[in-house]
Amino acid sequence: MKLTMLGTGHAMVRECYNTCFVLQEEKQCFLTDTGGGREILFRLSDAGIDLRAITDIFISHRHLDHITGMLWLMRMFSNQFMRQGRADEVRIYGHAGVCGILQEMRTLIFPNFTDERCRIISVGDGETVHILNHPVTFFDLHSTKAEQYGWTMQFDEKKLTFLGDEGFHEENMQYAENSTWLMHEAFCLESESDRYHPHLIAHSTVKDACENAEHLHVKNLILFHTEDRHLQERKTLYAQEGKEYFSGQLMIPDDLESIVL
């Protein structure tokens, strides 16, 4: 299983792409979130990912930096189906609110794209489906802003958990605890809280994320959804702050960086 970060930045970044990533196993791909626009197509191309390999997509919530790229993917999928350049169906998951938006987008912008091979599937809190032949359980992140879901996947006696872009809430202990890999947003360094005010907008610092991971007995912590002011030094600065609060392996990937799970 390989995880490739297509983007690592929060909504207002300019120097990197908005947070989204893809899991690859054999010849199939599972995409989580789509960033803020057409650049998703370039990111996938740069990562060497054929759109025809994407069988499953999950949209965590309705914010522009997570859902807007789906418009371009719908257009590409529509073209593939019409030109018979694609045989496999695409399954797009999200909570009911997200799926309503996706259905409306498809109806308004692609009125002829009604092919049942592109299915929009609403999932509920605690619901499990199989993606890449592994069980994936979706869960409500208890967001204080837009309704948002995360997921946890079991594979090869390992556990990968994606916590969306608001960090950890105690209600989700059963999903995040003892994760082999935990994906946790880290808006900025704790030392720069006065500059970015992450807690005012329901986000976390590196310290917060690392303390949560330690509390949850996580082995490997992946930080994403960050500011872009420190891109050149981000790995070093975040690792220096994080090691004080987390005893496991800490990873701060750049855009298009891959991690073998």
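In this text, all values refer to a predicted model and were calculated from it rather than measured experimentally. Basis for what follows: all heavy atoms, side chains included, without hydrogens, waters or symmetry-related copies.
What you find for Thr128 and Pro135 is that their closest heavy atoms are CG2-CB, 4.0 Å. Listed here is the closest heavy atom pair of Gly94 and Phe58: CA-CE1, 4.2 Å. The two atoms that bring Ala213 and Leu221 nearest to each other are CB-CD2, 3.8 Å, heavy atoms only. When all heavy atoms are compared, the tightest approach of Cys29 to Gln24 is SG-CG, 3.4 Å. Closest approach of Tyr238 and Glu227 over heavy atoms only: OH-OE2, 2.7 Å. Considering every non-hydrogen atom in both Pro198 and Phe187, the closest pair reads CB-CB, 4.0 Å.
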* Walk me through it: do Glu192 and His230 pass the test side-chain hydrogen bond (donor to acceptor under 3.5 Å, both in side chains)? => CA-CA 11 Å; Glu192 293 197 321; His230 297 304; 2.9 Å; yes
* side-chain contact (heavy atoms from CB on, under 4.5 Å) between Leu44 and Glu39, worked out -> CA-CA 9 Å; Leu44 289 165; Glu39 191 173 347; over 6 Å; no
* Test side-chain hydrogen bond (donor to acceptor under 3.5 Å, both in side chains) on Glu257 and Thr4 and set out the steps. => CA-CA 6 Å; Glu257 185 172 339; Thr4 300; over 6 Å; no
* Asked: Please walk me through it: do Leu51 and Ile49 pass side-chain contact (heavy atoms from CB on, under 4.5 Å)?
  -> CA-CA 6 Å; Leu51 289 179; Ile49 297 170; over 6 Å; no
* Output, in order, the C-alpha distance, side-chain angles, deciding distance and verdict of side-chain contact (heavy atoms from CB on, under 4.5 Å) for Glu214 and Tyr245. => CA-CA 7 Å; Glu214 191 72 14; Tyr245 308 99; over 6 Å; no
* Carefully, step by step, assess Ile59 and Asp33 under the rule side-chain contact (heavy atoms from CB on, under 4.5 Å). => CA-CA 5 Å; Ile59 303 297; Asp33 287 333; 4.1 Å; yes
* With salt bridge (charged side-chain N to carboxylate O under 4.0 Å, His left out) as the test, would you mind laying out the steps for Asp255 and Arg43 before giving the verdict? => CA-CA 9 Å; Asp255 287 14; Arg43 294 284 162 160; 2.9 Å; yes
* Is there a side-chain hydrogen bond (donor to acceptor under 3.5 Å, both in side chains) between Gln28 and Thr55 once you walk through the steps? -> CA-CA 6 Å; Gln28 293 187 324; Thr55 56; 4.6 Å; no
* **Audit row: Glu241, Lys207, salt bridge (charged side-chain N to carboxylate O under 4.0 Å, His left out) steps and yes/no** => CA-CA 7 Å; Glu241 182 167 288; Lys207 175 187 175 183; over 6 Å; no
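Aromatic ring orientation, His61 versus His63: perpendicular (interplanar angle above 60°, classes split at 30° and 60°). Note: His203 and His225 have tilted aromatic rings, judged against thresholds of 30 and 60 degrees for the angle between ring planes. Using a 30° and 60° split on the angle between ring planes, His95 and Tyr149 fall in the tilted class, from 30° to 60°.
Using modelled atom types, one finds a donor on one side chain and an acceptor on the other under 3.5 Å when comparing Glu25 with His134. With no hydrogens or angles considered, a side-chain donor-acceptor pair links Thr8 and Arg234 at under 3.5 Å. At a cut-off of 3.5 Å, with distance as the only test, no side-chain donor of Glu127 or Thr137 sits close to an acceptor on the other residue. Between the side chains of Glu177 and His215, no donor-acceptor pair is found at a separation under 3.5 Å.
Side-chain contact between Asp228 and His10: absent, with no pair of heavy atoms (C-beta onward) separated by less than 4.5 Å. The shortest side-chain heavy-atom distance between Leu163 and Glu185 does not fall under the 4.5 Å cut-off. Looking only at side-chain heavy atoms (C-beta outward), Tyr93 and Ile57 stay at 4.5 Å or farther from each other. In this structure, the side chains of Lys219 and Ser179 stay at 4.5 Å or more apart for every pair of heavy atoms.
The number of heavy atoms from other shown groups lying within 6.0 Å of CD (Glu104) does not exceed 12. In this structure, Lys235 places its NZ atom where more than 12 heavy-atom neighbours from other residues, nucleotides or ligands lie under 6.0 Å away. Atom CZ of Arg75 sits in a sparse spot, with 12 or fewer heavy atoms from other residues, nucleotides or ligands closer than 6.0 Å. Annotation for Lys145: atom NZ counts as buried by contact number, over 12 foreign heavy atoms lying within 6.0 Å.
The distance from the CD1 atom of Ile222 to the CE atom of Met5 is 7.5 Å, given to the nearest 0.5 Å. Separation of atoms CZ (Arg91) and SG (Cys118) is listed at 10.5 Å; rounding is to 0.5 Å. To the nearest 0.5 Å, atom CZ of residue Phe138 and atom OH of residue Tyr175 are 12.0 Å apart. Residue Cys20 holds its SG atom at 9.5 Å from CG of Asp65, rounded to the nearest 0.5 Å. Atom-to-atom distance recorded for Arg119:CZ and Cys99:SG is 11.5 Å, nearest 0.5 angstrom. The distance from atom NE2 of His169 to atom CG of Leu141, rounded to the nearest 0.5 Å, is 7.0 Å.
Between the side chain of Asp50 and the main chain of Arg52, a donor-acceptor pair closer than 3.5 Å is present. Distance alone, capped at 3.5 Å, is enough to place a donor-acceptor pair between the Thr107 side chain and the Gln103 backbone. At distances below 3.5 Å, at least one donor-acceptor pair connects side-chain atoms of Asp208 with backbone N or O atoms of Thr205. A distance-only check finds no donor-acceptor pair linking the side chain of Ser45 to the backbone of Leu41 [under 3.5 Å].
Only one option out of Asp165, Thr34, Thr19, Asn18 pairs with His66 in a side-chain hydrogen bond (donor to acceptor under 3.5 Å, both in side chains); it is Asp165. Each of Leu132, Leu31, Ile131, Val136 was checked for a side chain to side chain contact (heavy atoms under 4.5 Å, CB included) with Leu23, and the lone residue meeting it is Leu132.
Among residues at least two apart or in separate chains, side-chain hydrogen bond (donor to acceptor under 3.5 Å, both in side chains) pairs with a member in residues 150-159 are Thr32-Trp151, Thr152-Thr161.
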